[in-house]
> 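Here it is, the structure, as structure tokens.
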Amino acid sequence: MPFPFHIDILDLIFKGILIGIFVSAPMGPVGILCVQRTLNKGRWYGFVTGVGAAISDIIYALITGFGMSFVMDLITNPKNLFILKITGSTLLLLFGIYCFMSNPTKNMHISGNKKGTLIYNGVTAFWVTFLNPLIIFLFMVLFAQFSFVIPDHPLEMSIGYLSIICGAILWWFGLTWLIDKIRGQFDNKGIIIINKIIGCLVIIISLIILIGTVFNLYTFHY
């Protein structure tokens, strides 16, 4: 029986997981909400907050992917693709610098101690994320940089999108586990430190991709 996939599916899964982590990791409003709920209510309340955010993210990922699939002919030209990847790497670098320099606790909303249901915590996190459509621009940068959108391959792309949500859930699971373990030492300063670490990692990865693209040492393929 022939293998049903026409592209490197493991490569696509790896890219999807990375995209899911990249989108979830910065300490924005929902990230801080997840941390606060983990500290105030317990690990699983923080985790379902992350799951709610991940469901919102996948909706925006689908919107972005379907939109980009209509302009893929424009970037199949090697010169256009090179320019797009350079632009994407630069924007990703600027995003990393912004994460490193920003103080996510400055205008944060304080989560109360009233637990509510797990469903309530997940739904509220979904809306906090969904009401921030600027996430689309981050998806556009990541999709372009990783050459993630592959038109006319619905089965493979379905697996790719599932990989994004798996990457996001993996991040929220790991974050809430870590905070639950060190909850006695964790405060607003801890949120800032995590954000700076994330910013540093994004900067390093974007520089590696940017340099590799410029010297044609690091390429993504369909």
Side-chain angles (χ1 to χ4, degrees), residues 16-70 88 91-92 94-145 148-149 160-176 179 188 190-192 194-196 198-199 202:
I17 291 173
L18 281 181
I19 290 171
I21 293 174
F22 267 123
V23 169
S24 303
M27 284 287 111
V30 74
I32 295 175
L33 189 63
C34 175
V35 170
Q36 291 178 335
R37 284 179 173 175
T38 303
L39 293 173
N40 296 338
K41 303 179 181 182
R43 179 186 174 188
W44 296 113
Y45 285 89
F47 178 64
V48 297
T49 297
V51 171
I55 294 172
S56 176
D57 286 340
I58 199 61
I59 293 174
Y60 279 125
L62 290 168
I63 293 172
T64 306
F66 287 137
M68 291 184 70
S69 65
F70 291 106
L91 291 174
L92 197 58
L94 293 174
F95 178 70
I97 294 173
Y98 171 77
C99 283
F100 182 83
M101 299 296 292
S102 64
N103 179 359
T105 67
K106 188 175 181 180
N107 298 309
M108 70 180 183
H109 169 72
I110 303 300
S111 175
N113 292 317
K114 185 178 179 181
K115 287 189 173 183
T117 65
L118 290 173
I119 293 176
Y120 169 81
N121 283 264
V123 170
T124 52
F126 170 86
W127 284 112
V128 168
T129 309
F130 191 73
L131 293 175
N132 181 24
L134 293 177
I135 194 70
I136 287 179
F137 293 103
L138 182 55
F139 273 120
M140 289 174 64
V141 169
L142 293 170
F143 282 8
Q145 181 57 60
F148 184 78
V149 178
Y161 287 121
L162 286 175
S163 300
I164 292 177
I165 197 168
C166 286
I169 291 176
L170 181 65
W171 167 261
W172 295 119
F173 185 86
L175 179 65
T176 53
I179 294 170
N188 288 353
I191 296 175
I192 296 174
I194 288 179
N195 204 54
K196 287 190 179 298
I198 293 167
V202 173

> Verify side chain to side chain contact (heavy atoms under 4.5 Å, CB included) between Phe47 and Leu118, making sure each step is shown before the conclusion.
CA-CA 9 Å; Phe47 178 64; Leu118 290 173; over 6 Å; no

> Can you see which heavy atom on Ile165 is nearest to which on Leu162, and at what distance?
CG2-O, 3.0 Å

> Got a second to check how far Leu142's CG is from Leu18's CG, nearest 0.5 Å?
9.5 Å

> Return the minimal non-hydrogen interatomic distance between Thr38 and Arg43, and the atom names on each side.
CG2-CA, 3.9 Å

> In Å, rounded to the nearest 0.5 Å, how long is the span from OG1 of Thr117 to OH of Tyr45?
7.5 Å

> How many angstroms lie between atom CG of Asn121 and atom CH2 of Trp44, to the nearest 0.5 angstrom?
14.0 Å

> Side chain to side chain contact (heavy atoms under 4.5 Å, CB included), that's the test. Do Ile164 and Phe143 meet it? Break it down for me.
CA-CA 11 Å; Ile164 292 177; Phe143 282 8; 3.9 Å; yes

> What pair of heavy atoms forms the shortest contact from Ala54 to Ile169, and how long is it?
CB-CG1, 4.2 Å

> Hey, mind stepping through Leu39 and Ile179 against side chain to side chain contact (heavy atoms under 4.5 Å, CB included) and telling me if it holds?
CA-CA 7 Å; Leu39 293 173; Ile179 294 170; 3.6 Å; yes

> How many angstroms lie between atom CD1 of Ile59 and atom CZ of Phe130, to the nearest 0.5 angstrom?
5.5 Å

> Taking it one step at a time, do Val202 and Phe22 satisfy side chain to side chain contact (heavy atoms under 4.5 Å, CB included)?
CA-CA 8 Å; Val202 173; Phe22 267 123; 3.8 Å; yes

> Between Cys34 and Leu175, which heavy-atom pair has the shortest distance, and what is it?
SG-CD2, 4.5 Å

> Rounded to the nearest 0.5 Å, how far apart are CZ of Phe173 and CG of Leu170?
9.0 Å

> Quick check for you: to the nearest 0.5 Å, what is the distance between Phe126 atom CZ and Thr129 atom OG1?
8.5 Å

> Between Thr49 and Ala125, which heavy-atom pair has the shortest distance, and what is it?
O-CB, 3.0 Å

> Any side-chain heavy atom of Trp172 within less than 4.5 Å of one from Val30?
yes

> For the CD1 atom on Ile119, are there more than 12 heavy atoms of other groups (residues, nucleotides or ligands in this structure) within a distance under 6.0 Å?
no

